Trainee: 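After the structure tokens below, expect a handful of questions from me.
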Amino acid sequence: MTLTSIIELLEAKVVTGNMCHEEVETGFCSDLMSDVLTLDTDKMLLITGTANIQTIRTAEMADVKIILLVRKKEASPEMIKLAEETNITILQTAFSSFRTCGILYSFGLKPVY
Amino acid sequence: MVKLKYDIEGGNFNRAGNASSQVKRVLKQLNIDQRLIKKIVVALYEAEVNIVAHAYEGTMEINISPEKIDMILQDKGPGISNVEQAMQEGFSTASQKVREMGFGAGMGLPNIKKNTDLMEIETSVGVGTTLRMTKYLNNVE
């Protein structure tokens, strides 16, 4: 799934990042970073309502290139700065986790498991 | 042999992950396989978060040779009273603040074990904990 279609489907905005990581194959939705760190999946979209600096650190360590913040959670300036340094794209949608996942799943984004 | 050492501040979640991030940068420069790097830095980051979450202060020492990477995380802190219990998925003594950061679900130590080849915990209640980990660099799964 392309970043562009994710943005359209979810009425999402790009908080920071460029469009160079255009494709994701799987999605994983969790507010628990420990669960994200147990995955070994490439080209994965992280869907989360946990918006703090450790969300970005987790993505950095787990080689996640795109984070989608749901429920209108705001990225702090520190998060944006770290995302820029580590080349991570942050998207934000006002939709709930459930609605977000339902839409992405129905449009073909695969689950990790 | 590349040697690295970083200080880790207990309780400061703004800085948690800084040391692991530095190590990741070095491993990339050394052209180590990306999948191995991920396993190493995930284990290091979990261990670093543990120190920030539970201890007063700590250090991360890294020794990289062509064959393996040895990692020693040492802290001054409460120690672990029951290591066997701490190794169980789902067991945690983390505070509410730690949980709000997306951790403290009792996944850290099991995940460290999964991502490393050797793991050893030495702990003394009321004094601190030393975690030793090794990852061999020649066996890419």
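Everything quoted here is computed from the prediction, not taken from an experiment. Chain letters run A, B, ... following the sequence lines, proteins first, then strands; residues in each count from 1.
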Trainee: What part of A:Glu78 gets closer than 4.5 Å to chain B, counting heavy atoms only: side chain, backbone, both or neither?
Mentor: neither
Trainee: Could B:Lys68 and B:Asp70 be called an ion pair, given the rule that one side-chain N must be under 4.0 Å from one carboxylate O?
Mentor: yes
Trainee: Where does B:Asn111 contact chain A at under 4.5 Å (heavy atoms): side chain, backbone, both or neither?
Mentor: side chain
Trainee: Do you know which two heavy atoms are closest between A:Thr89 and A:Gly17, and how far apart they sit?
Mentor: OG1-CA, 3.8 Å
Trainee: Below 4.5 Å from any heavy atom of chain A, which atoms of B:Lys38 appear? Answer side chain, backbone, both or neither.
Mentor: both
Trainee: For a quick test of reading the model, state the closest non-hydrogen atom pair linking A:Ala83 to A:Ile90 and the distance between them.
Mentor: CB-CD1, 3.7 Å
Trainee: Do any of residues 28-46 of chain A have a heavy atom less than 4.5 Å from a heavy atom of chain B, and if so, which, in residue order?
Mentor: A:Asp31, A:Leu32, A:Met33, A:Ser34, A:Asp35, A:Leu37, A:Thr38, A:Leu39, A:Asp40, A:Thr41, A:Asp42
Trainee: Thinking salt bridges, do A:Lys81 and A:Glu84 make one under a 4.0 Å N-O criterion?
Mentor: no
Trainee: If I measure from the heavy atoms of chain A, does B:Glu100 come under 4.5 Å with its side chain, its backbone, both, or neither?
Mentor: backbone
Trainee: Return a table of donor-acceptor pairs under 3.5 angstrom between the side chains of residues 103-113 of chain A and protein atoms on other chains or two or more places apart.
Mentor:
from	atom 1	to	atom 2	distance (Å)
A:Ser106	OG	A:Gly102	O	3.2
A:Ser106	OG	A:Ile103	O	2.9

Trainee: Any salt bridge between B:Arg132 and B:Glu122, counting N to O under 4.0 Å?
Mentor: yes
Trainee: Is it the backbone or the side chain of A:Thr86 that comes under 4.5 Å from a heavy atom of chain B, or both, or neither?
Mentor: neither
Trainee: Return the option, out of B:Ser21, B:Gly104, B:Ser20, with the maximum number of heavy-atom pairs under 4.5 Å with chain A.
Mentor: B:Ser21
Trainee: Using a cut-off of under 4.5 Å for heavy-atom pairs, which of B:Leu44, B:Val49, B:Asn18 has the most such pairs with chain A?
Mentor: B:Asn18
